[in-house]
Amino acid sequence: SEDDSNLEEYPTEIHDYLAAFEKSLGSVDEMLKTMMSVSRTELLQKLDPLEQAKLDLVSVYTLNSMFWVYLATQGINPKEHPVKQELERIRTYMNKVKEITDKKKASRLDKGAASRFVKNALWEPNTENEHASKTPAKGKKRQ
């Protein structure tokens with residue numbers, strides 16, 4: 001009964017949004033419990049410097065995003081608050097880390113192999129004529 005009266009206080013379409021929001025909060029809570037179960041120094045010792053930077057950036061981005069949501073729930077426009085600039089600054093660093101990660105994943109150019117590949121791919125009239133005279137033309141059967 002009391003739940004029914006609460007449902008009537010706001011439009012029904014909002015109920016789906018609130019249910020999704022509550023589910024998301026539960027996921028964040030579970031993730032935070034997992035992260036808090038391990039000491040930060042212990043966790044950082046297991047990670048290389050790039051992974052440490054990623055963890056720090058995700059942590060600070062999450063914290064600032066949650067503050068953004070808090071401001072919105074308090075009726076404060078977060079777009080006009082310094083938290084917006086902070087989130088943009090963090091995104092800049094996230095992009096820098098992504099560039100470094102992408103550079104690490106990019107294949108290295110083997111200059112020797114590339115040079116051989118290009119040299120062999122180029123047509124050389126003298127060798128081509130000699131090569132053609134020694135081998136039968138394709139598509140014709142030998143007799």
Side-chain angles (χ1 to χ4, degrees), residues 1-132 134-141:
S1 285
E2 188 177 322
D3 290 338
D4 292 338
S5 65
N6 286 339
L7 288 176
E8 293 173 10
E9 292 178 19
Y10 58 89
T12 55
E13 3 358 286
I14 292 178
H15 178 72
D16 295 335
Y17 291 117
L18 290 174
F21 181 68
E22 184 178 27
K23 184 178 178 183
S24 296
L25 280 177
S27 298
V28 169
D29 188 42
E30 286 299 314
M31 189 174 295
L32 284 173
K33 285 179 183 174
T34 303
M35 285 186 69
M36 300 300 279
S37 67
V38 178
S39 78
R40 181 169 168 73
T41 53
E42 184 181 326
L43 180 62
L44 290 176
Q45 287 175 351
K46 295 178 183 178
L47 301 174
D48 64 42
L50 189 59
E51 294 298 320
Q52 290 176 9
K54 286 179 183 180
L55 177 66
D56 287 342
L57 286 169
V58 167
S59 299
V60 73
Y61 190 82
T62 302
L63 182 64
N64 280 280
S65 296
M66 291 174 74
F67 187 66
W68 176 287
V69 172
Y70 170 77
L71 290 173
T73 62
Q74 299 302 306
I76 299 169
N77 185 356
K79 292 178 183 177
E80 297 172 0
H81 192 275
V83 73
K84 182 179 184 218
Q85 287 79 27
E86 183 64 12
L87 285 167
E88 289 171 0
R89 186 179 74 84
I90 296 165
R91 274 192 217 110
T92 302
Y93 285 110
M94 289 175 120
N95 288 334
K96 287 180 182 182
V97 168
K98 185 180 183 315
E99 287 174 17
I100 292 169
T101 303
D102 290 347
K103 283 181 184 178
K104 275 187 159 184
K105 288 181 183 177
S107 60
R108 301 283 182 229
L109 176 64
D110 183 352
K111 290 181 184 178
S115 175
R116 290 188 300 275
F117 177 77
V118 171
K119 184 178 178 183
N120 290 329
L122 293 175
W123 179 72
E124 294 180 23
N126 293 340
T127 36
E128 190 66 31
N129 289 339
E130 290 174 13
H131 184 66
K134 292 180 182 177
T135 57
K138 291 183 179 178
K140 295 183 179 178
K141 291 185 179 178

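Positions are given from 1 along the sequence. The model shown is predicted, which means the values in this text are computed figures rather than measured ones.
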- Residue pair Tyr93, Arg89: steps toward the side chain to side chain contact (heavy atoms under 4.5 Å, CB included) verdict: CA-CA 7 Å; Tyr93 285 110; Arg89 186 179 74 84; 3.5 Å; yes
- Message: Under the rule for ring-ring contact (aromatic ring centres under 6.0 Å, His included), what residues qualify as partners of Phe67, not counting sequence neighbours?
- Response: His81
- Query: Taking atom CD1 of Ile14 and atom OG1 of Thr12, what is their separation to the nearest 0.5 Å?
  - Reply: 8.5 Å
- Measure the spacing between CH2 of Trp68 and CG of Asn77 and express it to the nearest 0.5 Å. 7.0 Å
- Note on the structure: Only one of Asp102, Thr101, Asn95 passes side chain to side chain donor-acceptor pair (under 3.5 Å) with Lys98, and that residue is Asp102
- Could you check Lys96 against Glu99 for salt bridge (Lys or Arg N to Asp or Glu O under 4.0 Å), going step by step and ending with a plain yes or no? CA-CA 5 Å; Lys96 287 180 182 182; Glu99 287 174 17; over 6 Å; no
- Task: Identify the heavy atoms of Lys79 and Lys84 that sit nearest to each other, and give their distance.
- Result: O-CD, 3.3 Å
- Separation between NZ of Lys46 and OG1 of Thr41, rounded to the nearest 0.5 Å: 10.5 Å
- Message: Is it the case that atom CD in Glu42 sees more than 12 heavy atoms from other parts of the structure closer than 6.0 Å?
- Response: yes
Solution key, residues 53-62 side-chain donor-acceptor pairs under 3.5 Å, sequence neighbours excluded:
residue : atom : partner : partner atom : Å
Asp56   : OD1  : Arg40   : NH1          : 3.2
Asp56   : OD1  : Arg40   : NH2          : 2.4
Ser59   : OG   : Leu55   : O            : 2.8
Tyr61   : OH   : Arg91   : NE           : 3.3
Tyr61   : OH   : Arg91   : NH2          : 3.3
Thr62   : OG1  : Val58   : O            : 2.7

- Item | Pairwise distance CG(Asp29) to OG(Ser24) - rounded to 0.5 angstrom | 12.5 Å
- Note on the structure: Between Ile90 and Asn64 the two heavy atoms that sit nearest each other are CD1-ND2, 3.5 Å
- Note on the structure: What one should report as the nearest heavy-atom pair of Glu51 and Leu47 is CB-CB, 3.8 Å
